[in-house]
Amino acid sequence: MWGKLSWAAIPLDQPIPLVASGVVIAVVVSVLALVVLKGWFPYLWREWITSVDHKRIGIMYIVLAMVMLLRGFSDAIMMRSQQALAFQSEGYLPPEHYDQIFSAHGTLMIFFVAMPFVIGLMNFVVPLQLGVRDVAFPTLNSVGFWLTATGALLVNISLLVGEFARTGWLPFPPLSELTYSPGVGVDYYLWALEISGIGTLVAAINLVTTVLKLHAPGMTYMRMPMFCWTTLASNLLIVAAFPILTATLTMLVLDRYLGFHFFTNEAGGNMMMFVNLIWAWGHPEVYILVLPAFGVFSEVVSTFSGKPLFGYRSMVAATMVICILSFTVWLHHFFTMGAGADVNAIFGILSMIIAVPTGVKVFNWLFTMYGGRIVYATPMLWSIGFMVTFVIGGMTGVLLAVPPVDFVLHNSLFLVAHFHNVIIGGVLFGAFAGYTYWFPKAFGFRLHEGLGKASFWCWITGFYVAFMPLYVLGLMGMTRRMQHYDVAAWHPWLVIAAGGAAIILLGIGLQIAQLVVSIRRRHELRDETGDPWNGRSLEWATSSPPPVFNFAVLPRIEGEEAYWGMKERASKDVILGPEPSYRDIEMPRNSATGFVCAFFATIMGFSLIWHIWWLVGVAIVGAYATFVVFAWRDRDEYVILAESVARIDRANRRARRVMLGERELVS
């Protein structure tokens, strides 16, 4: 009745996952108990869990990413400490557990930290920057988030029930085939990513439609903020690339579940085809992650330099060139596979060419800063730290794009250092810059600057201490994924790398402290105006936090920097524009569709992993019934009366009048 599931699935003989699971369960139970005892559940259900407001869904994506960052970084700490201790010894992690840890670390960090973080920022910011009320498909937006959360939940369930994959963050055959991985670890990986991949694809379709079709009056494509352009490029890549991932993993599912032979070594299968397909998705994935970060840096550098973005049109062109070229370089991930010198040379040249539009962006940011009155606030520090770190990572990438060099360094720690150089220095620093930059817009108060800067310096110092030694180790010949080693020359470098991870841990601790202190001092850090950074784009034109309808009246756009133009006119006349004519506003109703679908998706995924077929059928029927119920709703919108809209907007206008008067007195 319960398929392969039995009490033997709980690792009672492994203290580390058992204790870790116990801590996680205790935390979850404590949080749920607090919510129930405080009577918060009705509020959470009404305002968050069933919300279709793009701002709340964006915040929930970011919260998910931050929680998974803690989980993924705990794996990193264990890996670094294991390698620091495992010189001529077994260390404290047995090989089968160590293999699960590095597989879970990569899976969580890419799919459930980086992806939700950038999608959350895009969800929150893009409709505000476009001057519209919500995304194109609000309920679908909720479905996308909750399916992503389902994938994260399945990965974490594997910590206690069963095991996770031991194949690395990409499950390469034949290791991932049933012959060599007969347990459920690879199945956890496959179903977590299949379900969350659907959620990601749904979110991308939503954001592409929003950017292309929903604009405030006068908002042409060439008047969109740079973050909207990078959002468009990133989500076009998701729409094009994620079906490749879904199809590839489906073929592996068919191999494992029904005895197909897509990637086996017999019966006509070809394991190299998996490598080809997975990187046809995998290299665009790098740009799916980093392009939104480029958009964040464009907004931050322009704001804190007090200047328009230098070379706006060239930045747009560079963004779309990257979008296209990202599909032409995937083979550089397997130069050693035997495609031949001619094919390798072509892909090596293309891999170098794609660095050109990225270089255009870096120079544009530098020229934006040149001659500006730079304010070194925390978001700006993350941006400058990114420029230095990402350029180093980019140069090592160009080095690896040379096939003879790649033949030497392939599968070494040099590659690991390069990858983290790009992902941490680019994506994660971009996510942190966006988080600190837009936090006051989301919650109405700023984050504590002192703790934010201290966290930044710990992160960037820890990054260099942790990953520069890996470049050296790669050149010395140390390969990836080694659980122990006997080479004395490697040991000091691995000890230094473990020290760097500890410094990053301190940075994460300071970020947590920053959030706690900021919440406790929120009245001192309050932003009454909605424009704490003297911003230039439309999200700063509304109150902080924005009302559910974003704008009382959709703004009329008359230039590339719409909000900056409005502020200049108001400052010149020393008066805000006339009060608009307020009207009733229709907004989409909340819906439990996303949460209920995710509930059934979790049951279905868990049942497929453990071969509980009757429960799979129940889950499918439940998910289908949910969609039918949603489709038959006869009331999908509610009306916010003009009087309520006017009351909310007038409060914001009063605060801006005070700000305008104070600036006039100073000048």
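Residue numbers run from 1 in the order of the sequence given. Everything quoted here is computed from the prediction, not taken from an experiment.
No side-chain donor-acceptor contact under 3.5 Å links Thr368 to the backbone of Leu309. Judged purely by atom type and a 3.5 angstrom limit, Ser302 has no side-chain atom pairing as donor or acceptor with the backbone of Ser298. Looking only at distances, a side-chain donor or acceptor of Lys567 sits under 3.5 Å from a matching main-chain atom of Gly535. Between the side chain of Asn550 and the backbone N or O of Val132 there is at least one donor-acceptor pair closer than 3.5 Å. In this structure, Thr148 contributes its side chain and Gly144 its backbone to a donor-acceptor pair below 3.5 Å. A donor-acceptor pair under 3.5 Å is absent between the side-chain atoms of Asp649 and the main chain of Val645, judged by distance alone. Formation of a donor-acceptor pair under 3.5 Å by the Arg223 side chain with backbone atoms of Ala562 is not found in this model. A donor-acceptor pair is defined here as one N or O able to donate and one able to accept, closer than 3.5 Å; such a pair exists between the side chain of Lys307 and the backbone of Tyr370. Side-chain atoms of Tyr61 come within 3.5 Å of backbone N or O of Phe145 as a donor-acceptor pair. Between the side chain of Ser537 and the main chain of Glu539, no donor-acceptor pair closer than 3.5 Å is present.
Pairing each heavy atom of Ala203 with each of Asn235, the nearest pair is O-OD1, 4.3 Å. Minimum interatomic distance between His418 and Gly397 (heavy atoms only, all atoms of both residues): CE1-CA, 3.2 Å. In plain terms, the two heavy atoms of Ala204 and Val239 that are nearest each other are CB-CG2, 4.0 Å. Of all heavy-atom pairs between Gly58 and Asn123, the closest is CA-CB, 3.8 Å. Scanning both residues, Ser351 and Ala401, for their nearest heavy atoms gives CB-CB, 3.5 Å. Nearest heavy-atom pair across Leu245 and Phe111 is CD2-CE2, 4.1 Å.
Taking CD of Glu643 as the start and CG of Asp584 as the end, the distance is 7.0 Å to the nearest 0.5 Å. Rounding to the nearest 0.5 Å places CD1 of Ile62 at 11.5 Å from CE of Met60. In this structure, Gln511 CD and Tyr435 OH are separated by 7.0 Å, a value rounded to the nearest 0.5 Å. Rounded to the nearest 0.5 angstrom, Met224 CE and Trp229 CH2 are separated by 4.5 Å. Distance OG1/Thr210 to CD1/Ile205: 11.5 Å, rounded to 0.5 Å. Summarising the geometry, atom OG belonging to Ser234 is positioned 8.5 Å from atom CD belonging to Glu285; distances are rounded to the nearest 0.5 Å.
Within 6.0 Å of CZ in Arg589 there are more than 12 heavy atoms belonging to other residues, nucleotides or ligands. Atom CH2 of Trp457 sits in a sparse spot, with 12 or fewer heavy atoms from other residues, nucleotides or ligands closer than 6.0 Å.
Two rings, from Phe294 and Phe390, have their centers less than 6.0 Å apart. In summary, the aromatic rings of Phe347 and Trp330 are positioned with their centroids under 6.0 Å apart. Between Tyr221 and His215, a ring centre-to-centre spacing shorter than 6.0 Å is recorded.
Looking only at side-chain heavy atoms (C-beta outward), Val202 and Asn206 stay at 4.5 Å or farther from each other. With a 4.5 Å cut-off on side-chain heavy atoms, Leu237 and Phe327 count as touching. In this structure the side chain of Tyr582 reaches within 4.5 angstrom of the side chain of Arg650, judged on heavy atoms. Counting only heavy atoms from C-beta outward, the side chains of Val301 and Phe386 never approach each other to under 4.5 Å. With contacts defined as side-chain heavy-atom distances shorter than 4.5 Å, the pair Val375/Trp533 does not qualify. You'll find the side chain of His332 stays beyond 4.5 Å of the side chain of Leu400, heavy atoms only. Using a 4.5 Å cut-off on side-chain heavy atoms (C-beta onward), His420 and Met109 make no contact. Here the side chains of Asn652 and Ile648 are not in contact, with every heavy-atom distance at 4.5 Å or above.
Between Asn421 and Thr396, the side chains place no donor N or O within less than 3.5 Å of an acceptor N or O (distance only, hydrogens not considered). Between the side chains of Lys441 and Thr542, no donor-acceptor pair of N or O atoms lies under 3.5 Å.
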* Residue pair Leu428, Trp459: steps toward the side-chain contact (heavy atoms from CB on, under 4.5 Å) verdict -> CA-CA 10 Å; Leu428 208 53; Trp459 260 99; 3.6 Å; yes
* Asked: After noting the C-alpha distance and the side-chain angles of Tyr287 and Leu325, does the key distance pass the side-chain contact (heavy atoms from CB on, under 4.5 Å) rule?
  -> CA-CA 10 Å; Tyr287 291 99; Leu325 288 180; over 6 Å; no
* To do: Report the C-alpha separation of Asn534 and Asp531 in whole Å, then their side-chain angles, then the decisive distance to 0.1 Å, and conclude whether the side-chain contact (heavy atoms from CB on, under 4.5 Å) test is met.
  => CA-CA 6 Å; Asn534 195 20; Asp531 186 15; 4.1 Å; yes
* Asked: Passes side-chain contact (heavy atoms from CB on, under 4.5 Å), Met315 versus Phe310? Steps please.
  -> CA-CA 8 Å; Met315 288 286 265; Phe310 179 89; over 6 Å; no
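The aromatic rings of Trp279 and His333 lie parallel to each other, with less than 30° between the two planes, well short of the 60° mark. Between Phe432 and Trp382, the ring planes are tilted. Angles from 30° to 60° get that label. The aromatic rings of Phe445 and Phe439 stand perpendicular to each other, their planes meeting at an angle above 60°, with 30° marking the opposite boundary.
Thr50 pairs by the side chain to side chain donor-acceptor pair (under 3.5 Å) definition with nothing, not counting sequence neighbours.
Partner of Trp540 under the ring-ring contact (aromatic ring centres under 6.0 Å, His included) criterion, out of Tyr437, Phe551, Tyr563: Tyr437 alone.
Remark: Arg133 does not engage Glu586 in a salt bridge, criterion side-chain N to carboxylate O under 4.0 Å.
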